Amino acid sequence: MLPVFLAPLQGYTDAIYRQNHAKFAGGIKKYYSPFVRVEKGMARDRDLWDTKPENNQGFEFVPQIIFGSLEEFEILVEALEKQGHKEIDLNMGCPYPMQTGHGRGSGILPCPKVVEEVVKRIDSLSEIQFSVKMRLGLDAAQESWDLLPILNDTRLSQITLHPRLGKQQYKGALDEENFQKFYEACKHPLVYNGDIMGPKRVQYLETKFPKLAGVMIGRGILTLPTMAAEYISGCAGGEPWSRSKRNSVVWDMHQGILQQSKDSQLDQNQTLNRFRCFWEYQTETLPAKLLKQIAKCKSLGNYESLIPEISSALK
């Protein structure tokens, strides 16, 4: 049975989501934060709130950083070290042009000199454990091959690889051929990430790549929050989950997120957007008409007026 990790998605898998997923759905070995970035020469305050240890209790948690230079790397590591974190994930895979255009995320993959500077610094930070989440390259798979010798000689707990190029974003076929080559040459524990939309896909990867150290799932968990728990149950010989059992978990998560959002006194627009994100990928959970109504809500009050209908649809 492979460990399942929750991939970080900006705007979706924040601390409140993680807390409620861990409490009601579970099955996740480690939860990763959306990336912490540098803003005006400092680690962004909003990102640091999300990585506070007190906001991530009751489950294994790893903060992630994104950087385009050694200077940014050091600013972010220092900020997380002050919070008491002993493990940090390095984002070398984000495909969005706003980040890649500044040499961050998968934009760092064609820049081996920058990566070399960072890994030299890693070697001196022996009290912190580092991992990497990356893609095959920004524009070509050769970029990951050029970096692999550097990464193989670096002190890393694991590498998570999404077998697409950054320029593809989330479109086009996964390149399992180049993933296989990377898998065979990588000296670190390797985790598979990308288009894992159900327990059967995890089982396929487990068979195809028997040395995998785990799978990291993002959009698949947003689509089916119980996926990791269902996979674990299936490995133990459990019966397939019923719709009502899945929906009961979704409802409990929903109610927990709603209550925590209110307790945290979040801006109403933030809370409304949180629920738009919560339902965005769950296209099979609620009727299409209700999902459209949620998407069109103009205020939190509009949304809350739909909750009885949501509750009824989940029964």
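Values in this document were obtained by computation on a predicted structure and should not be read as measured data.
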Scan for salt bridge (Lys or Arg N to Asp or Glu O under 4.0 Å) pairs involving residues 233-258, sequence neighbours excluded, and state none if there are none.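 Pairs touching residues 233-258 that pass the test: Glu230-Arg246.
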
Does anything in residues 52-64 form a salt bridge (Lys or Arg N to Asp or Glu O under 4.0 Å)? List the pairs, not counting sequence neighbours.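 For residues 52-64: Lys29-Glu60.
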
Using atom types as modelled and distance alone, determine if a side-chain donor or acceptor of [X] lies under 3.5 Å from a backbone N or O of [Y].
{"X": "Arg164", "Y": "Gly172", "answer": "yes"}
{"X": "Ser312", "Y": "Pro308", "answer": "no"}
{"X": "Arg135", "Y": "Gly93", "answer": "yes"}
{"X": "Asp195", "Y": "Arg219", "answer": "no"}
{"X": "Asp175", "Y": "Pro163", "answer": "no"}
{"X": "Tyr192", "Y": "Phe179", "answer": "no"}
{"X": "His188", "Y": "Val132", "answer": "no"}
{"X": "Arg155", "Y": "Ile122", "answer": "yes"}
{"X": "Asn20", "Y": "Ile16", "answer": "yes"}
{"X": "Gln270", "Y": "Asp267", "answer": "yes"}

Once rounded to the nearest 0.5 Å, what's the spacing between atom [atom1] of [X] and atom [atom2] of [Y]?
{"X": "Lys133", "Y": "Gln64", "atom1": "NZ", "atom2": "CD", "value": "6.5 Å"}
{"X": "Leu80", "Y": "Ile75", "atom1": "CG", "atom2": "CD1", "value": "12.0 Å"}
{"X": "Tyr17", "Y": "Leu6", "atom1": "OH", "atom2": "CG", "value": "6.5 Å"}
{"X": "Thr51", "Y": "Arg44", "atom1": "OG1", "atom2": "CZ", "value": "11.5 Å"}
{"X": "Leu224", "Y": "Gln282", "atom1": "CG", "atom2": "CD", "value": "8.0 Å"}
{"X": "Lys120", "Y": "Ser124", "atom1": "NZ", "atom2": "OG", "value": "11.5 Å"}

Name all residues meeting the side chain to side chain donor-acceptor pair (under 3.5 Å) criterion together with [X]; count only those two or more places apart in sequence or in a different chain, and write none if there are none.
{"X": "Thr223", "value": "none"}
{"X": "Glu176", "value": "Arg201, Tyr204"}
{"X": "Asp263", "value": "Gln259"}
{"X": "Gln19", "value": "Gln260"}

If you link I, L, V, M, F, W and Y whenever their side-chain heavy atoms are under 4.5 Å apart, who else ends up in the same group as Leu138?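 In the cluster with Leu138 there is nothing else; it is isolated.
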
Quick one: name the residues clustered hydrophobically with Tyr32, using the 4.5 Å side-chain heavy-atom rule over I, L, V, M, F, W, Y, and just say none if it's on its own.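 When side chains under 4.5 Å apart are linked, the cluster holding Tyr32 also contains Phe5, Val62, Val191, Met216.
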
At their closest point, which heavy atom of [X] faces which heavy atom of [Y], and how far apart are they?
{"X": "Leu9", "Y": "Gly218", "result": "CD1-CA, 3.4 Å"}
{"X": "Ile66", "Y": "Leu76", "result": "O-CD1, 3.2 Å"}
{"X": "Trp145", "Y": "Phe182", "result": "CH2-N, 3.4 Å"}
{"X": "Ile150", "Y": "Asp146", "result": "CD1-O, 4.3 Å"}
{"X": "Pro34", "Y": "Asp50", "result": "CD-OD2, 3.8 Å"}
{"X": "Asn152", "Y": "Ala185", "result": "ND2-O, 3.2 Å"}

Determine, stepwise, if the pair Phe35 / Asp47 fulfils side chain to side chain contact (heavy atoms under 4.5 Å, CB included). CA-CA 8 Å; Phe35 58 71; Asp47 298 340; 5.6 Å; no

Would you indicate whether the side-chain heavy atoms of [Y] and [X] approach each other to under 4.5 Å?
{"X": "Ile294", "Y": "Phe275", "answer": "no"}
{"X": "Pro53", "Y": "Gln83", "answer": "yes"}
{"X": "Trp241", "Y": "Val249", "answer": "yes"}
{"X": "Leu190", "Y": "Lys211", "answer": "no"}
{"X": "Tyr303", "Y": "Ile310", "answer": "yes"}
{"X": "Asp139", "Y": "Leu165", "answer": "no"}
{"X": "Ser131", "Y": "Thr160", "answer": "no"}
{"X": "Val38", "Y": "Phe67", "answer": "no"}

I'd like to know whether CD of Gln255 has more than 12 heavy-atom contacts from other residues, nucleotides or ligands below 6.0 angstrom.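 Counting other residues, nucleotides and ligands, CD of Gln255 exceeds 12 neighbours.
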
Tell me whether [Y] is reachable from [X] by hopping between hydrophobic residues (I, L, V, M, F, W, Y) whose side-chain heavy atoms are closer than 4.5 Å.
{"X": "Leu125", "Y": "Val115", "answer": "yes"}
{"X": "Met42", "Y": "Trp49", "answer": "no"}
{"X": "Ile128", "Y": "Met92", "answer": "yes"}
{"X": "Tyr231", "Y": "Met197", "answer": "no"}
{"X": "Phe278", "Y": "Ile307", "answer": "yes"}

Tyr31 vs His21, side chain to side chain contact (heavy atoms under 4.5 Å, CB included): CA-CA, chis, key distance, verdict: CA-CA 10 Å; Tyr31 290 79; His21 188 278; 2.9 Å; yes

Between Glu74 and Val77, is a side chain to side chain contact (heavy atoms under 4.5 Å, CB included) present by the stated rule, with each step listed? CA-CA 5 Å; Glu74 290 182 329; Val77 169; 5.9 Å; no

Salt bridge (Lys or Arg N to Asp or Glu O under 4.0 Å) partners for Glu81, two or more places apart: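 For Glu81 there are no salt bridge (Lys or Arg N to Asp or Glu O under 4.0 Å) partners, ignoring immediate neighbours.
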
Who are the salt bridge (Lys or Arg N to Asp or Glu O under 4.0 Å) partners of Glu304, not counting sequence neighbours?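 Here the qualifying residues are Lys262.
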
Does the side chain to side chain contact (heavy atoms under 4.5 Å, CB included) test come out yes or no for Phe61 and Asn55, once each step is laid out? CA-CA 10 Å; Phe61 169 69; Asn55 293 331; over 6 Å; no

Under 3.5 Å, is there a donor on one side chain and an acceptor on the other for Arg274 and Thr271?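 On atom types as modelled, these side chains do not qualify, holding no pair under 3.5 Å.
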
Show me the pairs that pass side-chain hydrogen bond (donor to acceptor under 3.5 Å, both in side chains) and involve residues 107-119, at least two apart or across chains.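 Non-adjacent pairs meeting side-chain hydrogen bond (donor to acceptor under 3.5 Å, both in side chains): zero.
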
So which pairs with a foot in residues 92-106 pass side-chain hydrogen bond (donor to acceptor under 3.5 Å, both in side chains), sequence neighbours left out?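 Sorted result for residues 92-106: Glu72-Arg104.
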
Check the orientation of His254 and Trp279. Use parallel for under 30°, tilted for 30 to 60°, and perpendicular for over 60°.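 Geometry flag for Trp279 against His254: tilted rings.
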
